[in-house]
Amino acid sequence: MSLAGKARFQFMKDVGAPALFALNKSAARKKRRPRPANPDFGPPLACAGRLKEIMARHYYLARFAKGARPVAWVTSGAPVELLRAFGYYTIYPENHGALCGAQKMGPELCQAAEEQGFSPDLCSYARVDLGHFFSRKTPAGRLPRPDLLFCSNNICQTVVYWYKVLAHYLKVPLVMFDTPFHFEEFTEADLDYMARQIQEMIPELERHSGRRFDEAYFRSVTQLSRDTSLLWGQCLATMKARPAPMTIFDAFVHLAPVVSLRGLPVAQEYYKILLAELEERAAKGVGALRQEKKRLMWDNIAIWYKVRDFSNLFASRGMNFVVATYTNAWAETIQYLNLDDPFKSVAQTYGLVILNNNLEHRLQLMSQMVKDYAVDGLVLHSARSCKPYSVGQYDLKRLISQRLGIPAVVIEADITDYRMFSEEQAATRLEAFFEALEAA
Amino acid sequence: MTAQPLAIPSRSHYLTAQKERGRKVLGVFPAQYPREILWAHDIAPMEIWDPPLEPGSAPAHLQPYICAVVRQGLELVLRGGAARLDGLLVPHTCDSLQNLASLLNDYLELPVPVLFFYHPKEPFRDSARAYYRRQLTILDQKLAARFGPRREGALEQAVAWGQRVAELAGRTYDLRARGQLSAPALEFYRVLRAGEFLHPEDHIPLLEEFLAVHQGPAPAGPVVLLSGVLPNPKELLSLLDQQGARVGHDDFLGLSRRLLFPASQAADPFDALCEQYFALPPCSTRGSALSQRLDWLKGLAQASGARGVIFYVVKFCEPELFDVPPLMAGLKEQGLATMSLEVELNQGVSGQIATRVEAFLEMLS
Ligand code: SF4
């Protein structure tokens, strides 16, 4: 890391970025023509602007991170606390994939990867990322080249294959955290294996980052991470209120800091603001929708290019998504994090995430959510990209409908690649679902 | 004169015969699992890779974007296949098989137990070695709890069987690489793949006979390497045979990636199995680095004189599909010709694929 690089980064962080964002803000204020308010929605969340700023700043500063801080590309389920302890600037290709998906850049970037021989049947987050690697295109300006790749298969095996390809092309080291799938029982052997790996990764990361491990600092980061995820969980819990103070489509967006900035003070501060706003809305009975007639649950990752359309469509029928397995994933296992035994508890927290857990667990969890959030219907997004999230959904739909007596529908789509989405098929299925729901 | 194909019983008859002689039979999904531990418990593993079934009940449980190995395996189970077995074992190979294991265990109310086997992924740090050994003992205990304790010395015997199978398979591969095996590709894979269901007491003599019958000069045509999950559709093998090509080596998940390992000298059978697992060739499903796979393939090409590599990829197989583009690029840099074929299981070879393969072979000759 060069001294000049460090100084430049610090300057941009303390002076450049704040000045630029202040300027942008005032320009936007002058330019902004208020968008006509959609009568189906309640007042928008006031802190949405702050969220935008935080994420934009994160991507903006990333351009100056190279040379100032070691840079790592990380999977969303990896124990990032460990990297934070070594001062890594972290980029989440999945979050970047979601961003590209929301900006409808998915097909273009996927195609760039396909032109290099990658099959269109592969996860589109991976294709978007590889497409970005080949084409350099991104809505985020520029992503810093990583010094390290950090990956955990607790969300899928796909990330292992994908990161191996990145490591090969970028010629950078890949550090992998292997998390045995929780099939029936989570054995002592599984836990020991994961906890030992975390300890084994420390000298690897010391070597790669050129920094020494500071356990006290690691604990403080872990504490911060825990507090942030707990706050996120509290934000989601406010949606038990009727009417719910936000929709799950809002939550898909407000999820970004807990995914990408977990373990940093900015994420924790943000969720304090969000929680205060949501609690206030809930107390005053301010809903995300003006009329919340039905309450729904979402399963799987968002269909990023359809978030706005779906949000409007469901709102027009007075249907609000109040809970999702996806947004819950960053709060679900945090209770295991125990600072008295950080290695083992980090292992447990990350080893038991929903995608590394069995389908019986998913069924129980969703059934509980239906009760806790007073859910009237379930929408399952069968995401062509994501096998671990999608295999089992047909039976999940059947079992939940049968046992809890609520209507459910499966929508075949993809997270970012809208070439895989059939408007007609989705419309037909949703129409039948709406009918069943309205008749219930 | 070409030798007659060796006699191999059908899977179904063999299963019945195993049950009649008092053995338990476990249906095992792909790919890596310590079959010696099953043998030691007098359990015959009956591997489920590519049952030739038309879709029936499986599409109600699995999306169309799931690979045919998983879809057809589930089809077999749902069509009453499970009722003939004493249980199922699903190793942790990929996301689809991982969730299939859970689907079978948690939602489908099968009449038999479903067991699961997790093996560590690369990089293999010390913790991975310790963990794998523990996984072996846990599986051993689970089988004992369900099917009764194993006989004294049975595991040692099973390890010896495994090593003998590996030794014979190694010799066959070696002879083939040196052009000293006359067997056509179709027969080679029929005999090797019989190990997916034959007990070693039956597979060992079959391999010995195969070696005795087929030592001799191989066809002098172009030499290719095959890489992928398994040699299906087998019509591709027939096509290679008809074109006079020689398969110099393979890198199939179901074959060389599981079969070729040096015998461990460890006295403790668990230690031996452990050592052997970590000595297996690089594999996408175990998370091997691309550089390792590339070096491995280059080595196979060099040892067998292959000048071209055919990737024979099952549609929707993520572990393989990610690796193929960089592997192809790396092999090309070494002057090796490559081609990739995305295939559906048991669907034969289309005229278009046949033409591509013929053109590829012509280019190599
Ligand atoms: S979408 Fe699914 S398969 Fe793709 S990276 Fe995320 S968890 Fe893995």
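In the text below, chain A, chain B and the rest are named by the order of the sequence lines, each starting its count at 1. Because the structure is predicted, anything quoted here is derived from the model rather than measured.
Only the backbone of A/A383 comes within contact range of chain B, with at least one heavy atom under 4.5 Å from a heavy atom of that chain. Residue B/H92 touches chain A through its side chain alone, counting heavy-atom pairs closer than 4.5 Å. Neither the backbone nor the side chain of A/Q364 has a heavy atom closer than 4.5 Å to any heavy atom of chain B.
Between A/K164 and B/D323 there is a salt bridge, since a side-chain N of the basic residue sits under 4.0 Å from a carboxylate O of the acidic one. Remark: A/D341 does not engage A/K344 in a salt bridge, criterion side-chain N to carboxylate O under 4.0 Å.
Contact count versus chain B (heavy atoms, under 4.5 Å) is highest, among A/L359, A/D121, A/D192, for A/L359. Across A/H361, A/E184, A/H168, the residue that shares the most heavy-atom pairs under 4.5 angstrom with chain B is A/H168. When the candidates A/R384, A/E360, A/Q197, A/M176 are compared by the number of heavy-atom contacts under 4.5 Å with chain B, A/R384 comes out ahead.
The shortest distance between side-chain heavy atoms of B/L74 and B/L104 falls below 4.5 Å. Between B/L341 and B/R356, the closest side-chain pair of non-hydrogen atoms falls below 4.5 Å.
A cation-pi arrangement is absent between B/R258 and B/Y33 under the rule of less than 6.0 angstrom and at most 45 degrees off the ring axis. Both tests hold for B/R129 against B/F278: distance to the six-membered ring centre under 6.0 Å, angle to the ring axis within 45°.
Residues from residues 116-123 of chain B that place a non-hydrogen atom less than 4.5 Å from a non-hydrogen atom of chain A comprise B/F116, B/Y118, B/P120, B/K121, B/E122, B/P123, given in numerical order.
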Practice task
Please test B/R293 against B/R257 for side-chain contact (heavy atoms from CB on, under 4.5 Å), starting from the C-alpha separation and ending with a verdict.
Solution key: CA-CA 11 Å; B/R293 287 202 71 196; B/R257 285 191 228 165; 3.0 Å; yes
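Heavy-atom minimum distance, B/F322 versus A/A126: CZ-CB, 3.6 Å.
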